[in-house]
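What follows is one structure encoded as C-alpha cells, with my remarks underneath.
Convention: sequence-line order gives letters A, B, ...; per-chain numbering from 1. Just the heavy atoms: all of them, side chains too, but no hydrogens, waters or symmetry mates, feed the values below.
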Number of protein chains: 2
Amino acid sequence: MATFFCLSKFSTLPSRPFSSLFPSTPFLSKSSINLALASSFSSATSSFTWDDVLRVSHQSQSATQHRSRYLQGFYHKVQLCNRSSEKQSEFLPFVIEDHVVGFIHDGFVEHLRDFGDVFVFYKDKYNGAPYGDFVSLHPKLKTAEERTSAIGYVVEHLGEEQIPGIRNELYPVTSSYGAPIFFSLERAAAPYFGIKAYGVHMNGYVEVDGEKHLWVGKRSETKQTYPGMLDHLVAGGLPHGIDCQENVIKECEEEAGIPRSIAIKAIPVGAVSYMDIEGYRYKRDVLFCYDLKLPKDFVPKNKDGEVDSFKLIPITQVAEVIHKTHFFKPNCSLVIIDFLFRHGSISPEYHGYLDLLRSLRIGDYS
Amino acid sequence: MATFFCLSKFSTLPSRPFSSLFPSTPFLSKSSINLALASSFSSATSSFTWDDVLRVSHQSQSATQHRSRYLQGFYHKVQLCNRSSEKQSEFLPFVIEDHVVGFIHDGFVEHLRDFGDVFVFYKDKYNGAPYGDFVSLHPKLKTAEERTSAIGYVVEHLGEEQIPGIRNELYPVTSSYGAPIFFSLERAAAPYFGIKAYGVHMNGYVEVDGEKHLWVGKRSETKQTYPGMLDHLVAGGLPHGIDCQENVIKECEEEAGIPRSIAIKAIPVGAVSYMDIEGYRYKRDVLFCYDLKLPKDFVPKNKDGEVDSFKLIPITQVAEVIHKTHFFKPNCSLVIIDFLFRHGSISPEYHGYLDLLRSLRIGDYS
C-alpha cells in the first residue's frame with residue numbers, strides 16, 4: 001500500500017455534520033440525498049466537505065444486491081445533463097453557409113431582432129432551405145473576423161442581464177469538429193446560440209495493489225460555475241487555435257501542476273456528449289476523454305486558484321459518490337461513468353448496461 | 001523484448017506470392033488491395049497466409065502523413081458492416097406482445113404466408129399499432145416453448161434453400177438485452193427475421209516494452225463462415241441461458257486454451273453495434289467487447305478446431321492490416337478499432353475522429 005494521501009485513510013478535515021445537509025433523512029439514504037440535491041445542484045454553492053464525501057463513498061450493498069438500481073443511479077446522473085429534449089421544437093436552427101451551427105430559442109430570437117444588420121430571420125422554406133424558419137447572419141458579414149466582431153457587439157450589448165457569466169473567452173463556431181471555423185463566440189454565449197462546444201476531460205488515476213484510484217478535485221468556492229463541487233483532476237473547454245492534446249497538457253500544468261513530461265502520456269480514449277436545454281440555453285457539449293496513469297508518488301498541486309484541493313479515491317468509492325450524491329459537477333459524471341465502462345467496473349450482467357452506455361453519447365458528437 | 005512468437009520476427013511460413021492475390025497491382029498499394037477484396041470479402045475463401053499479413057502490416061507513412069485518409073480506411077471497414085441502410089423500408093416489423101423484436105423482408109414474408117397457423121400479417125394501423133404493416137405470431141402461440149417449436153418447424157421446412165448455414169444452435173429473441181425472452185430461434189435464421197443478436201468479442205493482448213501486441217487468430221479453412229480470415233483471440237455468439245462473462249470464459253477455453261484462472265480477468269469494456277442489410281438478411285448485431293491482458297509467456301492453443309493458428313502482432317501493425325486489407329472478418333474491425341480508441345492509438349487530431357467513433361455504434365444497441 002502506498003503512503004500518499006488517500007481518501008480511505010483520510011479523516012482529519014473538519015466537516016459539517018452530514019445530517020445538516022440532509023436533515024431528517026437516514027444516513028446514507030440514496031433516494032433522500034438525491035432528492036435533497038436534485039433541484040439545486042447546478043447553481044447553489046454545494047456546501048459539503050471531503051469528510052462528507054468520505055462518508056458516502058463507502059460501498060453499500062447496492063452494487064452487488066441491487067444491480068439494476070445501481071446503474072439506474074448512474075443513469076439518473078446522465079439524465080441531469082440531458083434535460084428537456086422535448087423542448088427542441090422551441091428552438092430555431094442557426095444556419096451559416098448552409099450549415100446548421102446552432103439552435104436559438106424563440107424567446108432569445110426576439111432579443112436579436114434589434115440587430116438587423118447582424119442577424120437575418122428567414123421564414124419557412126426560404127430559397128429551398130430544408131430547415132423551416134431559421135436564423136442566419138447578415139450576408140454582408142462575410143469573413144470570420146467580421147462575424148466575430150459583429151456578434152461580439154451584440155453579446156456585449158445584451159450584457160449580463162441576457163447572457164450572464166461573460167468570461168471574455170472565445171469559442172470557435174463550426175458545424176463539426178475540425179471543420180472550417182465560421183466565427184468565434186464568447187464562451188458564456190455559446191448555449192444561447194446552441195453552439196456545439198468541445199472540451200477535454202482527463203481522469204488522472206493511480207493503480208495501488210491492482211485497484212485503480214482516481215484523483216478527484218474540489219473546485220474553489222469562488223469559481224463562477226459549480227463552486228465547491230467535485231471535478232476531474234484536469235478539465236477545460238477547447239478554445240480557438242489549440243488542439244486537444246496541447247490543451248490537455250496546458251490544463252495539466254495550470255490545474256494540477258502536472259509537468260509536460262508526464263502530461264504528454266495522457267491518452268485519448270474517446271468522447272462523451274450531451275444536450276441540455278434549460279430556458280433559453282441549449283448546451284450541446286462534446287467532451288474528449290483522456291486517461292492519465294500517474295506515478296504513485298505524484299501529488300497534484302493547483303496553480304490557477306480554480307481548485308481548492310485534491311484527494312485520491314478508490315474508483316469503487318468514486319462510483320458510490322456519483323451514485324448517491326450530486327457532489328460532482330454534472331458533466332464529470334458522464335466522463336467517470338465512461339471510465340467505469342472502459343476499465344471493467346460495470347459489466348453486462350448489470351441490468352441496464354446498454355441503456356447506460358448509450359446514454360453517454362446522446363448529444364450530437366460530430 | 002520477449003522471446004515468444006511475434007509477427008515482427010516471423011517469416012518462416014510458406015506463402016503464396018502476394019502478387020498472386022492482387023495481380024498487376026503495386027505491392028502494398030492500399031487502394032488496390034481494397035478494390036481486389038472489397039466485393040468478395042464475406043463469402044469467398046480468403047487465400048492469404050501469415051506471410052501476406054506480415055507484408056502489409058508494416059506501418060506506412062499513412063498514419064503520420066495522411067491522418068485524414070488513415071481514419072477513412074478504418075471508416076470504410078466499418079461501413080462494410082453497415083450496408084444498405086437505405087433499404088430498411090423493404091422490411092416489415094416483426095412484433096411480439098407489442099415489442100418490435102425484428103424486421104422481415106417483404107420477399108421473405110411471402111415464404112411465411114404458407115404458415116398461417118404460425119404467422120399472422122396485420123395491415124396498416126391494426127388495433128392502434130404504430131408500425132404500419134407488420135408481422136406477428138399466431139395468438140394461439142402463447143408460451144416461449146410453443147413459439148420456439150412452431151418457428152423451428154418453419155425454419156426446418158424452409159431449409160437450406162431459404163436459410164443456408166443452419167447450425168442447430170438456438171438464439172434468444174428479446175426486444176432488448178436482459179428483457180424477457182419471447183422464444184428461441186435457430187442462429188442462421190436470425191438475420192432473416194432481423195432479430196438482434198448478441199455476441200462477445202475479446203481482444204487478448206500482451207504489453208511488450210510498453211507497446212501493446214494483439215493476439216490474432218486465423219480461422220480454420222473449413223469454418224462455415226469466413227474461412228481462413230483473421231479473427232480475435234476469442235469471440236462467440238451469446239446463446240440462450242449463459243451470461244457474457246461465462247460465455248467469454250467458455251470461449252476462452254475452447255478457442256484459445258485460456259484457463260479459467262486467466263480468462264476470469266477479462267474485463268468488459270463496452271459494446272459496438274452494426275446493422276447490415278444484404279438481400280433478405282437484416283443483421284442487427286451487438287458485440288460486447290472484452291479486453292484480456294495476458295501473461296507474456298502465454299501461448300494460445302485452439303481446442304475446438306475452429307482456429308488454424310495464432311500470431312502476436314504489435315497493435316500498430318494490426319491497425320495497418322485493418323486499414324489496408326480485408327483480411328479480418330469484417331465485424332472484428334469494429335472491435336479492434338474500438339480497442340484503438342480506448343488505448344489511445346487514435347487521437348482527436350486525426351480528421352474524422354468523431355465520425356469514426358460514432359460509426360462504431362450505428363446499430364440499435366439496446
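No other option in B:Pro348, B:Gly344, B:Gly178, B:Cys244 has as many heavy-atom pairs under 4.5 Å with chain A as B:Pro348.
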Can you pull every donor-acceptor pair closer than 3.5 Å across chain B and chain A?
| unit_1 | atom_1 | unit_2 | atom_2 | d |
| --- | --- | --- | --- | --- |
| B:Cys244 | N | A:Glu349 | OE2 | 3.1 |
| B:Gln245 | N | A:Glu349 | OE2 | 3.1 |
| B:Pro268 | O | A:Gly344 | N | 3.4 |
| B:Gly270 | N | A:Tyr353 | OH | 3.1 |
| B:Gly344 | N | A:Pro268 | O | 3.4 |
| B:Glu349 | OE2 | A:Cys244 | N | 3.1 |
| B:Glu349 | OE2 | A:Gln245 | N | 3.1 |
| B:Tyr353 | OH | A:Gly270 | N | 3.1 |
| B:Arg358 | NH1 | A:Tyr365 | O | 3.2 |
| B:Tyr365 | O | A:Arg358 | NH1 | 3.2 |

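In this structure, chain A has a heavy atom under 4.5 Å from the backbone of B:Ile346, while its side chain stays farther away. For chain B, no part of A:Val200 is nearby; none of its heavy atoms comes within less than 4.5 Å.
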